[in-house]
Amino acid sequence: VAHFLLAEGVEAVAICFINSYANALHELAAKQILEAEYPQLLVSASCEVLPEMKEYERTSTTVVNAYILPAMRRYLSHLRRDLAAIGIHAPIQVMASNGSMMGIAAASDRPVFAVSSGPAGGVTGAARLGNVTGDHDLIVFDMGGTTAKASIIETGQPSLTNEYEFRD
């Protein structure tokens, strides 16, 4: 099956076994087999991406991770190469969806956690700016070319959610 997928131009695969959150052994074995037989194929295993009981959330997150994995790996590889070419050898940090930072290795393996990082960065920046200026209760609005997000900052702390919905 994987040979057929490669012939069709598939670059990444998501593996999601129903009980892998409790016992990852079989899912990791499947990943190891695919990587050994098809080293050019990028493989995302749900037990590594989002090891939680909720199968829909774990599966959809892993599928999105596999979907964006090839592009993110190429982008970060080119970024590292291009920065090195102009003499910049500093560690690369990538904004995460929760407003924190992750290293290039984590972003290269689990790029799904960088989805919506732009608005998260805006909220994090607004909270810090508010704390400096004494404005601890804020409503932050981030509008880009395709999305708009609003967030509430109360007593200097951004509200957090672990839910995200993709829409066409």
Side-chain angles (χ1 to χ4, degrees), residues 1-86 88-124 142-149 160-168:
V1 171
H3 191 69
F4 170 76
L5 295 175
L6 289 172
E8 291 295 314
V10 172
E11 297 178 276
V13 171
I15 301 175
C16 306
F17 291 176
I18 195 156
N19 291 315
S20 65
Y21 69 92
N23 181 353
L25 187 65
H26 294 108
E27 194 171 277
L28 291 173
K31 179 182 178 188
Q32 185 177 23
I33 290 167
L34 280 172
E35 289 177 335
E37 292 291 321
Y38 306 97
Q40 67 275 41
L41 192 62
L42 300 176
V43 182
S44 290
S46 72
C47 64
E48 295 174 332
V49 175
L50 192 67
E52 67 176 40
M53 185 187 306
K54 299 176 182 175
E55 66 188 76
Y56 174 78
E57 290 83 351
R58 183 167 36 90
T59 300
S60 60
T61 301
T62 304
V63 168
V64 170
N65 193 73
Y67 181 75
I68 62 178
L69 189 57
M72 185 67 130
R73 284 228 177 135
R74 279 190 294 273
Y75 173 78
L76 292 173
S77 174
H78 291 154
L79 178 63
R80 177 184 279 167
R81 181 199 66 211
D82 294 348
L83 288 172
I86 60 172
I88 298 174
H89 300 284
I92 297 173
Q93 296 289 307
V94 175
M95 177 67 69
S97 304
N98 65 1
S100 67
M101 301 298 288
M102 60 180 157
I104 195 168
S108 293
D109 288 339
R110 289 179 291 286
V112 70
F113 295 117
V115 171
S116 288
S117 60
V123 171
T124 301
D142 184 292
M143 188 164 101
T146 59
T147 61
K149 304 275 191 294
L160 298 175
T161 181
N162 62 357
E163 301 290 326
Y164 189 83
E165 186 176 328
F166 291 98
R167 293 186 186 191
D168 289 337

Non-neighbouring partners of Asp142 that pass salt bridge (Lys or Arg N to Asp or Glu O under 4.0 Å), sequence neighbours left out |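 Asp142: no salt bridge (Lys or Arg N to Asp or Glu O under 4.0 Å) contacts found.
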
Sequence neighbours left out, what passes salt bridge (Lys or Arg N to Asp or Glu O under 4.0 Å) with Arg110? Give chain and number order.
->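 So Arg110 forms no salt bridge (Lys or Arg N to Asp or Glu O under 4.0 Å) with any residue.
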
List the residues meeting side chain to side chain contact (heavy atoms under 4.5 Å, CB included) with [X], not counting sequence neighbours, and say none if there are none.
X: Thr61; result: Val49, Leu50, Val112
X: Ile88; result: Leu83, Ile86, Ala90
X: Ser108; result: Arg73, Leu76, Ile104

Without placing hydrogens or testing angles, list every side-chain donor-acceptor pair under 3.5 Å for residues 95-103, not counting sequence neighbours.
| residue | atom | partner | partner atom | Å |
| --- | --- | --- | --- | --- |
| Ser97 | OG | Phe113 | O | 2.9 |
| Ser97 | OG | Val115 | N | 3.3 |
| Ser97 | OG | Val115 | O | 2.2 |
| Asn98 | OD1 | Ser100 | N | 2.9 |
| Asn98 | OD1 | Ser100 | OG | 2.5 |

Pairwise salt bridge (charged side-chain N to carboxylate O under 4.0 Å, His left out) hits with a residue in [range], at least two apart:
range: residues 89-108; value: none
range: residues 5-28; value: Glu11-Arg74
range: residues 32-49; value: Lys31-Glu35, Lys31-Glu48

Reported [atom1]-to-[atom2] distance for the pair [X] and [Y], which is rounded to 0.5 angstrom:
X: Glu57; Y: Ser46; atom1: CD; atom2: OG; value: 12.0 Å
X: Leu28; Y: Asn23; atom1: CG; atom2: CG; value: 9.0 Å
X: Leu34; Y: Leu41; atom1: CG; atom2: CG; value: 6.0 Å
X: Met72; Y: Leu79; atom1: CE; atom2: CG; value: 10.0 Å
X: Ser20; Y: His26; atom1: OG; atom2: NE2; value: 11.5 Å
X: Glu52; Y: Cys47; atom1: CD; atom2: SG; value: 13.0 Å

So does Tyr21 have more than 12 non-hydrogen atoms from other groups sitting under 6.0 Å from OH?
->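 Atom OH in Tyr21 is packed in, count exceeds 12.
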
If you take all heavy atoms of [X] and [Y], which pair is closest and at what distance?
X: Ile15; Y: Ala30; answer: CD1-C, 3.9 Å
X: Val94; Y: Ala107; answer: CG2-CB, 3.7 Å
X: Thr62; Y: Ala45; answer: CG2-C, 4.0 Å

Between Asn65 (side chain) and Asp109 (backbone), is there a donor-acceptor pair under 3.5 Å?
->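 Yes, because the side chain of Asn65 sits within donor-acceptor range (under 3.5 Å) of the backbone of Asp109.
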
